[in-house]
Amino acid sequence: MNETDFIFKNYNLSNIANGSITWKTPSNIALVKYWGKREPQIPENTSISFTLDACFTLTILEYSKRQTPHGERDSASHENNFNFEIYFEGEKKNDFKPKIATFFKRIEKYAPFLKDFEFIIKSENSFPHSSGIASSASGMGALALCVMSLEKELNSAMTDAYFNKKASFLARLGSGSACRSVEGPLIVWGKHPEIEGSSDLFGTKFPYKIHDNFKNYQDTILLVDEGEKQVSSTVGHALMHNHPFAKQRFKQANSNISKISIALQNGDLSAFIANVESEALSLHAMMMTSNPYFILMKPNTLKIINEIWEFRAATKSNICFTLDAGANVHVLFPEKEKEKVNNFIKSNLMQFCQENHYICDSIGKGAKKISNI
Ligand code: PMV
């Protein structure tokens, strides 16, 4: 499929009533990281992620038809002639509007009906706002899905497969990693010769049978640093443009996709662990060697990593860690080690979290439409 397959034309507004749509969309955690992109939001390498379950954004899109033809009205509530208000966790958030307006502008070519409506967007996260957990994946994913449900109202013949592909395609234009939040449990984004059906334009389900070792895999997120990120991912991606190690990094990530694909199929936990931890450290190595350079890990991030390594060596556990673009640590482990690892987290790792905060999550199935709440 290419971009033109997602352009929607010839719709008829006369049969559509005012209404509202709700989507619950999970966050995801990359195993092989996306870091570096080119226009229009095309990844420089393939990435793969676990879709999460407990960490999600719930978004309600209330829509009503605009009374006058689009483009004619102008008021303070219009951003680039899109008409919407945004509420986050019950509060009106005008400072979120430019980001949403940019998103709408980017997807307008594919969803031209956006200017025919007035929207009220109400959004909330299941995880604390200041937790340092990136909400752009679940947030943009949820909004893209709401837009797609509206498109479906205008085109009832749309198939589920097309719906999901286009939702992921639109989400990607909002935030790259968001395209991996539409479905689950394991999503690939970025064309790769060894992953059938993979695309730069949208996320696709890992197409091969996943070994039972990875069934219901656990992800406990240790909140080391609850606060705004020092460096936005937009800035981080841009720093890969003149990065001295960029070419090698993209090659490494694509080769890690081949390796992790095999480990996921044959259940090789040691290979999985080596791959996932190396990816996390490579991501941070890119940040430490960019110009300007920065360190997003905190002293407690390193303490946790060392504790995990010691515990693994002493107990032969299959625990491992990964990191996002921040100081928090995602602790990954098989479901059958849940009790043992949870005890270890409580006794040894919790002390390194801000106010002892951590979130127990596991692999999820993807976004869900909520009928009426
Ligand atoms: O989707 P963005 O632009 O916020 O970038 C996300 C980048 C990482 O979270 C660091 C890695 C990834 O693949 O999710």
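Just so you know, these numbers come straight off a predicted model, no measurement behind them. When a ligand or atom number is given, it counts from 1 through the structure's own listing order.
- The closest heavy-atom contact to atom 14 (O) of ligand 1, among the options R180, M140, K33, comes from R180.
- Note: Y110 and F8 fail the aromatic proximity criterion, with ring centroids not under 6.0 Å apart.
- The stretch residues 309-323 participates, sequence neighbours left out, in these salt bridge (charged side-chain N to carboxylate O under 4.0 Å, His left out) pairs: E277-R312.
- Contact check for S126 versus L58: no side-chain heavy atoms found under the 4.5 Å cut-off.
- Listed by atom number, the atoms of ligand 1 under 4.0 Å from A30 heavy atoms are 12 (C), 13 (O), 14 (O).
- By the 30° and 60° cut-offs, the orientation of the rings of W35 relative to H237 is tilted.
- Taking every non-hydrogen atom of G176 and a distance limit under 4.0 Å, the qualifying atoms of ligand 1 come out as 1 (O).
- With a heavy-atom cut-off of 4.0 Å, S177 touches ligand 1 through backbone and side chain alike.
- For the pair K93 and Y87, the cation-pi test (distance below 6.0 Å, angle within 45°) is failed.
- Per-residue contacts place W35 under 4.0 angstrom from the following atoms of ligand 1 (heavy atoms of the residue considered): 7 (C), 10 (C).
- Inclusion of D324 in the set of residues having an N or O under 3.5 Å from an N or O of ligand 1 is warranted.
- With ligand atoms numbered from 1 in the order given, ligand 1 contributes 2 (P), 3 (O), 5 (O) to contacts under 4.0 Å with heavy atoms of H237.
- Residues that satisfy the salt bridge (Lys or Arg N to Asp or Glu O under 4.0 Å) test with R106, not counting sequence neighbours, are absent from this structure.
- Counting heavy atoms under 4.0 Å from ligand 1, residue K37 does not touch it at all.
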